[in-house]
Each structure stands twice: as structure tokens, then as C-alpha cells.
Amino acid sequence: MSKETFDFSEALRRMKEGKKVKRKIFADGTYAYIDNNYLGTEMLMYNIVGRATPVLWLLPETILATDWEEV
């Protein structure tokens with residue numbers, strides 16, 4: 001059974017609800033979510049093989065992608 005896919009605006013809305021999302025092209029175990037940084041402000045984060053990394057930039061193909069899905 002295929003998972004529902006959606007665009008980045010829906011992915012961002014779900015991340016703001018505390019859910020984790022990923023793109024179909026991401027390797028297994030890689031997902032995006034929103035978390036508070038050390039200053040207490042929200043940041044978009046990627047978890048790549050158990051290591052959280054802040055996203056400091058987004059490529060246009062990531063923002064325009066419609067293959068996001070909930071983890």
C-alpha cells in the first residue's frame with residue numbers, strides 16, 4: 001500500500017504539529033522535523049542516520065517537490 005504524498009507546505013504544516021516527514025527520494029532513516037534549537041527558537045532539522053542536523057538552506061527542488069510523506 002502506497003503512502004499519501006503531499007507538497008512542502010503540507011509537510012511544513014505537519015512538522016509544526018510535531019510530526020516527522022520525509023521525501024520519497026530520502027535514504028532509509030532520513031527524515032525532517034521541527035525542533036527547538038539552543039536559543040529556544042524553532043528550526044527545521046534533518047535526522048540522517050541518527051544524527052540531527054539543522055537545515056540552513058533549502059533547494060528549490062525540495063520546496064517545490066510533491067513527494068513528501070509522513071514517517
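Quick caveat: nothing in here was measured; it's all calculated off a predicted structure.
Atom OH of Y33 and atom CD of E42 lie 13.0 Å apart (nearest 0.5 Å). Atoms CZ and OG1, on R23 and T66 in that order, are 8.5 Å from each other to the nearest 0.5 Å. The CD1 atom of I34 lies 11.0 Å from the CE atom of M43; values are rounded to the nearest 0.5 Å.
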Would you mind writing out the side-chain donor-acceptor pairs for residues 44-65 within the sub-3.5 Å range, not counting sequence neighbours?
{"residue": "N47", "atom": "OD1", "partner": "G50", "partner atom": "N", "Å": "3.0"}
{"residue": "N47", "atom": "ND2", "partner": "Y31", "partner atom": "OH", "Å": "3.1"}

Checklist entry - Given the rule in the side chain to side chain contact (heavy atoms under 4.5 Å, CB included) test, do I25 and D67 qualify, once you have shown the distances and angles that lead to the verdict? => result CA-CA 8 Å; I25 64 165; D67 66 345; 3.9 Å; yes
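The side chain to side chain donor-acceptor pair (under 3.5 Å) test applied to D35 returns no partner, not counting sequence neighbours. Not counting sequence neighbours, the partners of K19 by the side chain to side chain donor-acceptor pair (under 3.5 Å) test are E17. With sequence neighbours excluded, the residues satisfying salt bridge (Lys or Arg N to Asp or Glu O under 4.0 Å) with E10 are R13, R14.
Annotation: side chain of T30 is not in contact with side chain of K22 (no heavy-atom distance under 4.5 Å).
Under the 4.5 Å side-chain contact rule for hydrophobic residues, L12 and V71 do not share a cluster.
Ion pairing between E70 and K3 fails under the 4.0 Å rule for side-chain N and carboxylate O.
Between E4 and E69, the closest heavy-atom pair is O-CB, 3.5 Å.
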